[in-house]
Amino acid sequence: MTMPRTGIGIDVHAFAPEGEPRPLWLGGLLWEGERGLAGHSDADAVAHAAANALFSAAGLGDLGTHFGTDRPEYAGASGTTLLAEAATIVREAGFEIGNVAVQLIAQRPKFGPRRAESEALLSGIVGAPVSISAATTDHLGFTGRREGVAALATALVAPVR
Ligand SMILES: Nc1ccn([C@@H]2O[C@H](COP(=O)(O)O)[C@@H](O)[C@H]2O)c(=O)n1
Ligand SMILES: C[C@@]1(CO)OP(=O)(O)OP(=O)(O)OC[C@H]1O
């Protein structure tokens, strides 16, 4: 019997220092007027967690395995580009993708008003349903202090017969 496989992924990015402003990319969307996240790429923690979960489900390592920070071509890379490449790599390894679920943990931005937009964008990129939920930590911890954001994700894939 070919069993489906689950995967888990996480990503955390700190907000960029005040003196080094960056745009905020999260869930494939640009959040005008919000403080940006620091990273080698665009630091889209939602897209990165989704990609990590896909690689995990397929047993193919993680983002760093495929798009390491030692690779200059990925400096500034968009999370949607990395997520699209992750889905392609997983499919080329012989898996179909069932779904991806992402949980954003962040005090800001308020994700809910743009959740449907982000889900539609990322679902199109992955070629399977991507659902995104969000929660604050009631001002506790590094996300609560607005030092950064975290995202957790799960994915389901199945070997193609
Ligand atoms: N960055 C966030 C965090 C949360 N939400 C939404 O707010 C609601 C309440 O969140 P709590 O953490 O206070 O329980 C919840 O429905 C989240 O969807 C958000 O939109 N953006
Ligand atoms: C995406 C990559 C590569 O540009 O860099 P970052 O933007 O720093 O992101 P992270 O999720 O910490 O690590 C994965 C790296 O492969």
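Both counts, for ligands and for their atoms, begin at 1 and track the order of listing.
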To the nearest 0.1 Å, how far is [atom] from its closest protein heavy atom, and which atom is that?
atom: atom 3 (C) of ligand 2; value: Phe67 O, 2.9 Å
atom: atom 20 (O) of ligand 1; value: Gly112 N, 2.7 Å
atom: atom 7 (O) of ligand 2; value: Ser41 OG, 2.5 Å

Please check if a non-hydrogen protein atom sits closer than 4.0 Å to atom 14 (O) of ligand 1.
no

Give a yes or no on whether atom 9 (C) of ligand 1 lies under 4.0 Å from any heavy atom of the protein.
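No, there is no protein heavy atom closer to it than 4.0 Å.
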
Should you measure from each heavy atom of [X], which atoms of ligand 1 turn up under 4.0 Å away?
X: Thr136; result: 3 (C), 4 (C), 11 (P), 12 (O), 13 (O)
X: Ala106; result: 1 (N), 2 (C), 3 (C)
X: Phe111; result: 2 (C), 19 (C), 20 (O), 21 (N)
X: Pro109; result: 1 (N), 2 (C), 21 (N)

With atom 18 (O) of ligand 1 as the reference point, say which of Ala134, Pro113, Ala135 has the nearest heavy atom.
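Among Ala134, Pro113, Ala135, the closest heavy atom to atom 18 (O) of ligand 1 belongs to Ala134.
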
Have a look at Gln107, Lys110, Gln103, Arg115 and point out the one with the heavy atom closest to atom 6 (C) of ligand 1.
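When every heavy atom of Gln107, Lys110, Gln103, Arg115 is considered, Lys110 comes closest to atom 6 (C) of ligand 1.
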
Quick check on the 6.0 Å ring-centre criterion: do His66 and Phe55 meet it?
yes

Indicate whether the side chain of Thr143 and that of Gln107 have a donor and an acceptor atom separated by less than 3.5 Å.
no

Check this for me - ligand 2, Thr69, N or O atoms closer than 3.5 angstrom, yes or no?
no

Just to be sure I read this right, does ligand 2 sit under 4.0 Å from the backbone of [X], its side chain, both, or neither, counting only heavy atoms?
X: Arg71; result: neither
X: His40; result: both
X: Leu82; result: side chain

Which of the ligand 2 atoms, numbered from 1, are nearer than 4.0 Å to a heavy atom of [X]:
X: Tyr74; value: 4 (O)
X: Leu63; value: 11 (O), 14 (C), 16 (O)
X: Asp11; value: 10 (P), 11 (O), 12 (O)

